Student: 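Quick one: the structure is below, questions incoming.
Everything quoted here is computed from the prediction, not taken from an experiment. Whatever order the structure lists ligands and atoms in, that order sets their numbers, starting from 1.
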Amino acid sequence: MKISILNPGVASLLLLGSLVGDVLARPRLDNAELVRRGRGRKGLMRSLEGRSHPKHAKTCDDTPAKAVDAPKENAWHGLSGDETASVVQWLFHQKDLNLTTTDDAGEWDNTIALVELLRPNKTDVVSYLDGDGQIPTRYAHVVLSNRATDEAHYADIVVGPLPIKKSVTHWAPLEYPYTRKTEGKVRNIEPDTDSIYSEWLFKISATVSDITLDLWNATALGMDNDTLDIWGIDPVWQDDGRTVRWDMFWNTATDDFDVGSLLPLGLYFKSDVTGRDPSKWKLEGWLYNDIYYETTAAFREAYFSPGFVKLGANIEGDWARTDQRGHPPPQDRKQPPVAVAPSGSRFSVDSDRQYVSWMDFSFYVGFSRDTGISLFDIKYKGQRVLYELGMQEALAHYAGNDPVQSGVAYLDSYYGFGPYAFELVKGYDCPSYATYLNTSFYIDETTHTHVDSICLFEFDADYPLQRHSNSKYVSISKNVYFTLRSVSTIGNYDYMFSYSFYLDGSIGVDVRASGYIQSAFYAHNGDFGYQIHDSLSGSMHDHVLNFKADFDILGTENTVELTSVVPVQKEFVWSAGKTRNTMMLERSLIESEDDGRFNWGPNGATQVHIINQEERNKYGEYRGYRVLPSAGTSHLTVVDSSNLANAGHWAEYDLQVTQQHDYEPFAAHPYNSQDVHNPPVNFEKFFNGESLNQTDLVLWFNLGMHHVPHTGDLPNTVFTTAHSGVHFMPLNYLLGDPSRETVNQVRIDYFNGSASDVVTFGQMQESCGLKLTPVEDELWGYQGDVVVRKFPYNPNDPFYETDSES
Ligand SMILES: *[C@@H]1O[C@H](CO)[C@@H](O)[C@H](O)[C@H]1NC(C)=O
Ligand SMILES: *[C@@H]1O[C@H](CO)[C@@H](O)[C@H](O)[C@H]1NC(C)=O
Ligand SMILES: *[C@@H]1O[C@H](CO)[C@@H](O)[C@H](O)[C@H]1NC(C)=O
Ligand SMILES: *[C@@H]1O[C@H](CO)[C@@H](O)[C@H](O)[C@H]1NC(C)=O
Ligand SMILES: *[C@@H]1O[C@H](CO)[C@@H](O)[C@H](O)[C@H]1NC(C)=O
Ligand SMILES: *[C@@H]1O[C@H](CO)[C@@H](O)[C@H](O)[C@H]1NC(C)=O
Ligand SMILES: *[C@@H]1O[C@H](CO)[C@@H](O)[C@H](O)[C@H]1NC(C)=O
Ligand SMILES: [Cu+2]
């Protein structure tokens with residue numbers, strides 16, 4: 001086992017050598033020149049490949065993940081193209097559904113909003129995974145957008161069993177997964193989005209176009225020359241049975257940069273748009289410079305009176321654009337370090353079944369329109385740790401002294417994380433050697449495929465996993481971890497989701513946010529955000545993202561144990577009658593859902609463990625996993641939100657534990673925003689005092705940030721600090737640290753000024769040369785979405801269309 005002094009020929013050293021060689025050989029171009037050359041860059045990079053590289057016996061292996069067959073079918077894998085097409089065709093044959101194809105539909109037709117897999121019940125899947133149960137029968141979950149009625153609504157229905165069989169397949173309202181029992185129907189609070197603009201907002205805007213021209217030299221009339229945008233609160237206000245909007249004017253971008261949410265203009269108007277008849281809608285007032293006018297006439301009169309105060313405007317400029325500008329920092333033009341995988345990928349993927357295994361971990365990937373990726377059946381050393389791990393909902397709750405900021409509380413699953421999980425950028429979102437998977441979602445009788453929208457890669461952390469030294473030796477281990485990542489860009493914001501696995505048996509969940517902030521107009525609102533540009537406020541808001549973690553620690557029956565470190569005053573047998581101020585452990589179990597909602601305690605004093613009381617280790621301690629914050633987390637600051645009413649109870653605590661039920665699969669529903677007082681899923685109703693003592697339980701935890709944007713959020717928020725995460729770590733689960741099993745560690749013995757031994761435990765000592773192709777070369781392969789028509793079904797004629805509207 002003992003190998004002498006590190007051979008300078010080991011892979012890492014050589015790789016750096018050849019890398020530097022290439023960089024020096026590259027002609028120097030400034031950024032502007034690179035941009036001007038546009039596609040010409042491709043030719044430039046290609047020609048570099050022909051240059052001579054140092055000769056090596058072997059070039060580094062750039063192999064993708066090894067193909068394997070998953071041990072079982074992926075029971076959560078979305079519908080196939082054929083399945084989707086057959087369901088869509090079948091739906092159009094159901095006369096009672098009265099459906100119109102999306103291309104032909106207007107605001108008064110019924111259409112298909114979604115066709116995807118109905119996730120099977122855990123009860124059925126577990127017997128398939130762990131026993132010899134059959135794979136659960138497949139059903140489709142369909143959402144209909146029924147607008148051929150005054151009572152526009154969405155209808156969740158189930159279609160099955162699949163495959164479609166005449167006289168066997170049927171449809172039924174889907175009700176069991178929701179707390180509200182209204183046959184899967186939820187009203188559509190904004191069914192007339194086109195009319196709202198054409199029949200309402202633009203007409204109101206026209207009545208003040210002389211004012212908008214005077215203030216900003218701009219109009220919003222629904223015409224090609226529009227240089228203003230109008231939009232406002234989300235969800236629309238829903239008190240007293242009314243539907244009330246607050247909208248405001250925004251400048252539009254003057255180029256392709258997505259700067260719109262940085263250009264608020266400070267003029268707001270309120271309308272009651274209850275019902276579907278535009279002739280019954282009412283304009284209720286205007287707000288400008290913190291003065292409220294009840295009618296347009298009153299606002300006009302004030303505007304054209306002497307002494308009316310006109311405020312500034314927010315106008316696009318380089319300050320809002322993301323391209324490089326200013327002087328690059330010292331040495332920044334040199335190529336930064338890149339990571340390489342000299343032995344190729346060290347993990348296995350079944351890309352048809354979307355099953356992944358890395359080291360002692362394995363899991364299946366599921367994907368849905370509402371929430372994007374989820375992981376299922378996460379196993380460690382052959383034992384399931386989590387049945388399901390995935391995001392449920394993301395909230396961005398704003399506040400402000402203006403009615404638009406005060407009215408915004410985005411519930412992003414309404415837009416869906418699936419449709420916006422775009423192709424990842426190689427070498428930027430993920431290392432260029434990563435392995436990629438596709439994801440698909442249904443829209444408008446087509447299936448869109450986001451090519452390469454999930455990446456899988458190993459990475460060597462910038463710190464070791466373990467080290468120790470004394471006067472004789474140093475022992476140190478590499479911290480190589482494995483990550484699955486996807487990014488969803490929902491409007492102005494980019495959410496990056498990373499699920500990471502570590503050699504110590506721990507699992508990390510991280511969310512990071514970047515993209516454009518939604519800003520406010522700066523006037524009278526210094527208590528709601530900083531002034532960050534001319535007339536711009538970095539509007540304060542909370543991000544809260546709920547995740548479901550269905551733990552199964554050594555079986556489905558688990559318990560939550562809290563272990564707190566507490567200060568005590570204690571007398572000991574040896575303390576001679578005196579007390580000592582010290583501290584102790586206090587342990588307790590959470591017995592029922594009545595105590596199931598709580599926060600991280602102050603001072604990090606309380607540890608949260610998911611344990612199995614029937615599984616003690618040989619010292620009598622419970623085996624389990626600990627859940628701990630690894631980056632800041634947050635729950636919603638606003639108490640009893642007026643905006644969300646019953647739609648956002650999931651955001652109220654850091655941690656919430658419920659008994660697992662097949663009828664409580666999700667913390668939220670994408671249309672909770674449509675009826676906030678009586679939403680399809682009211683998370684609070686999950687808490688009805690059920691026992692949490694040795695039962696199948698689910699931990700719903702929140703990640704998030706209290707975001708008070710500052711000048712550094714311009715032009716974009718950065719991922720470094722807009723970051724939240726938790727870690728699950730084995731706790732008394734094994735009898736020692738499993739990371740000792742890796743050979744990617746070293747012990748160096750030394751004596752009297754020189755190394756006497758270097759022990760590398762049989763790790764790969766491969767020598768290979770790297771042929772570095774600039775990552776930009778690969779980026780010309782970026783293609784956007786692939787679309788396949790499902791009705792009429794045309795699987796052989798895919799086309800490209802990347803649309804951020806859905
Ligand atoms: C079916 O939908 C059409 C609009 O697409 C509507 O005019 C008609 O009234 C609907 N029929 C029924 C029975 O609801
Ligand atoms: C007003 O905008 C129009 C086009 O939108 C432009 O042609 C004109 O120069 C602008 N006027 C001023 C004073 O900026
Ligand atoms: C756009 O055109 C309409 C109709 O010609 C006009 O009334 C309006 O002022 C124009 N808007 C701008 C910003 O020039
Ligand atoms: C992703 O989709 C593209 C385009 O349809 C296809 O060529 C590629 O093989 C798919 N990748 C995987 C891993 O299935
Ligand atoms: C799944 O579980 C729910 C709730 O228990 C039940 O109503 C439903 O019938 C189950 N689905 C299947 C396919 O068994
Ligand atoms: C909790 O479950 C354990 C293990 O099944 C049992 O020994 C204990 O009595 C239960 N505690 C309560 C309060 O029910
Ligand atoms: C340490 O090394 C020096 C020479 O480098 C040698 O003179 C000395 O004897 C060594 N000491 C021991 C304890 O081996
Ligand atoms: Cu933010």
Side-chain angles (χ1 to χ4, degrees), residues 73 75-76 79 83 87 91-113 116-129 133-142 144-165 168-185 188 191-192 194-195 276-277 366 376 387-388 444-445 471-472 548 550 556 658-666 669 680-681 685-686 688 690 695-696 698 749-757 791:
E73 293 299 323
W76 311 272
L79 299 181
E83 280 176 324
V87 171
L91 287 167
F92 279 110
H93 278 114
Q94 307 311 305
K95 293 284 169 272
D96 52 337
L97 297 178
N98 193 20
L99 293 168
T100 305
T101 58
T102 315
D103 280 349
D104 297 329
E107 285 178 349
W108 287 84
D109 294 302
N110 295 342
T111 53
I112 302 172
E116 67 177 16
L117 178 77
L118 178 70
R119 288 212 173 130
N121 288 334
K122 179 177 182 183
T123 318
D124 299 332
V125 181
V126 164
S127 78
Y128 167 66
L129 288 178
Q134 293 289 306
I135 183 157
T137 308
R138 284 161 81 78
Y139 291 85
H141 169 211
V142 172
L144 304 175
S145 173
N146 289 332
R147 295 195 291 172
T149 157
D150 278 333
E151 309 291 317
H153 61 272
Y154 296 100
D156 283 289
I157 65 170
V158 53
V159 175
L162 300 182
I164 299 278
K165 232 193 245 150
V168 178
T169 298
H170 67 288
W171 75 269
L174 183 62
E175 194 172 67
Y176 75 80
Y178 316 128
T179 55
R180 186 177 115 159
K181 304 299 177 192
T182 45
E183 298 203 313
K185 289 181 188 162
N188 180 344
D192 303 302
D194 293 340
S195 303
R276 300 198 65 184
D277 178 356
F376 289 94
Y387 173 78
E388 178 180 357
D444 296 353
E445 287 89 40
S471 63
K472 295 203 171 90
K548 176 181 185 182
D550 181 345
T556 54
T658 62
Q659 204 179 93
Q660 191 281 336
H661 293 298
D662 289 340
Y663 54 82
E664 288 173 355
F666 314 109
H669 185 286
V681 175
K685 294 198 172 163
F686 288 16
N688 46 5
E690 289 174 314
T695 179
D696 193 1
V698 177
D749 293 346
Y750 45 85
F751 176 65
N752 194 16
S754 61
S756 56
D757 209 349
F791 188 80

Student: Please report whether atom 11 (N) of ligand 7 has a protein non-hydrogen atom at a separation of less than 4.0 Å.
Tutor: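 Protein heavy atoms within 4.0 Å of atom 11 (N) of ligand 7 - there is at least one.
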Student: Ligand 1 and Asn110, any nitrogen or oxygen pair closer than 3.5 angstrom?
Tutor: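 No, there is no polar N/O contact under 3.5 Å.
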Student: Which heavy-atom pair separates Tyr128 from Gln134 by the least distance, and what is that distance?
Tutor: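 Minimum heavy-atom separation between Tyr128 and Gln134: CB-O, 3.5 Å.
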Student: Specify the protein heavy atom at minimum distance from atom 13 (C) of ligand 5: its residue, its atom name, and the distance to 0.1 Å.
Tutor: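 Heavy-atom neighbour on the protein nearest atom 13 (C) of ligand 5: Tyr139 CE1, 4.0 Å.
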Student: Can you measure from NE2 (His141) to CG (Leu79) and round to the nearest 0.5 angstrom?
Tutor: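 One finds 11.0 Å between NE2 of His141 and CG of Leu79.
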Student: Using a 4.0 Å cutoff against the non-hydrogen atoms of Thr100, which atoms of ligand 1 qualify?
Tutor: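 Within the 4.0 Å cut-off of Thr100, ligand 1 contributes 5 (O).
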Student: With heavy-atom distances below 4.0 Å as the criterion, list the atoms of ligand 1 near Trp108.
Tutor: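 So the atoms of ligand 1 that pass are 4 (C), 5 (O).
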Student: Would you please say whether a donor-acceptor pair under 3.5 Å links the side chains of Glu107 and Ser195?
Tutor: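 Yes.
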Student: Report the nearest protein non-hydrogen atom to atom 9 (O) of ligand 7: residue, atom name, distance rounded to 0.1 Å.
Tutor: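 That would be Asn752 ND2, 4.7 Å.
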Student: Just one of Val158, Leu97, Val142 clears the side chain to side chain contact (heavy atoms under 4.5 Å, CB included) bar with Trp171, so which one?
Tutor: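 Output: one option passes, namely Leu97.
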Student: Is there side-chain contact between Lys185 and Asn146, with heavy atoms separated by less than 4.5 Å?
Tutor: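 A side-chain contact under 4.5 Å is absent here.
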Student: Taking all non-hydrogen atoms of both residues, which atom of Phe92 and which atom of Thr100 are closest, and how far apart?
Tutor: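 For Phe92 versus Thr100, the nearest heavy atoms are CE2-C, 3.8 Å.
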Student: With Ile112 as reference, evaluate Val87, Thr101, Asp444, Leu144 under the side chain to side chain contact (heavy atoms under 4.5 Å, CB included) test and give the passing residue.
Tutor: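 So, applying the side chain to side chain contact (heavy atoms under 4.5 Å, CB included) to Ile112 and each of Val87, Thr101, Asp444, Leu144, only Leu144 qualifies.
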Student: Using a strict 4.0 Å cut-off to heavy atoms of Asp124, name the atoms of ligand 5 that fall inside it.
Tutor: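 This gives 14 (O) as the contact atoms.
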Student: For Asp696, which of Thr658, Thr556, Thr123, Val126 qualifies under side chain to side chain contact (heavy atoms under 4.5 Å, CB included)?
Tutor: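 Of the listed options, the one satisfying the test is Thr556.
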Student: Given Thr137, Asp662, Asn121, identify the one with the heavy atom nearest to atom 6 (C) of ligand 5.
Tutor: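 The option holding the nearest heavy atom is Asn121.
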Student: I'd like to check atom 4 (C) of ligand 7 in this structure: does the protein have a heavy atom lying under 4.0 Å from it?
Tutor: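 False for atom 4 (C) of ligand 7.
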Student: For atom 14 (O) of ligand 1, which protein heavy atom lies nearest, and how many Å away is it?
Tutor: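 Looking at atom 14 (O) of ligand 1, the protein heavy atom closest to it is Asn98 ND2, 3.5 Å.
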Student: Out of all atoms in ligand 1, which are within 4.0 Å of some heavy atom of Asp109? Include the element for each.
Tutor: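 Here the atoms of ligand 1 in question are 4 (C), 5 (O).
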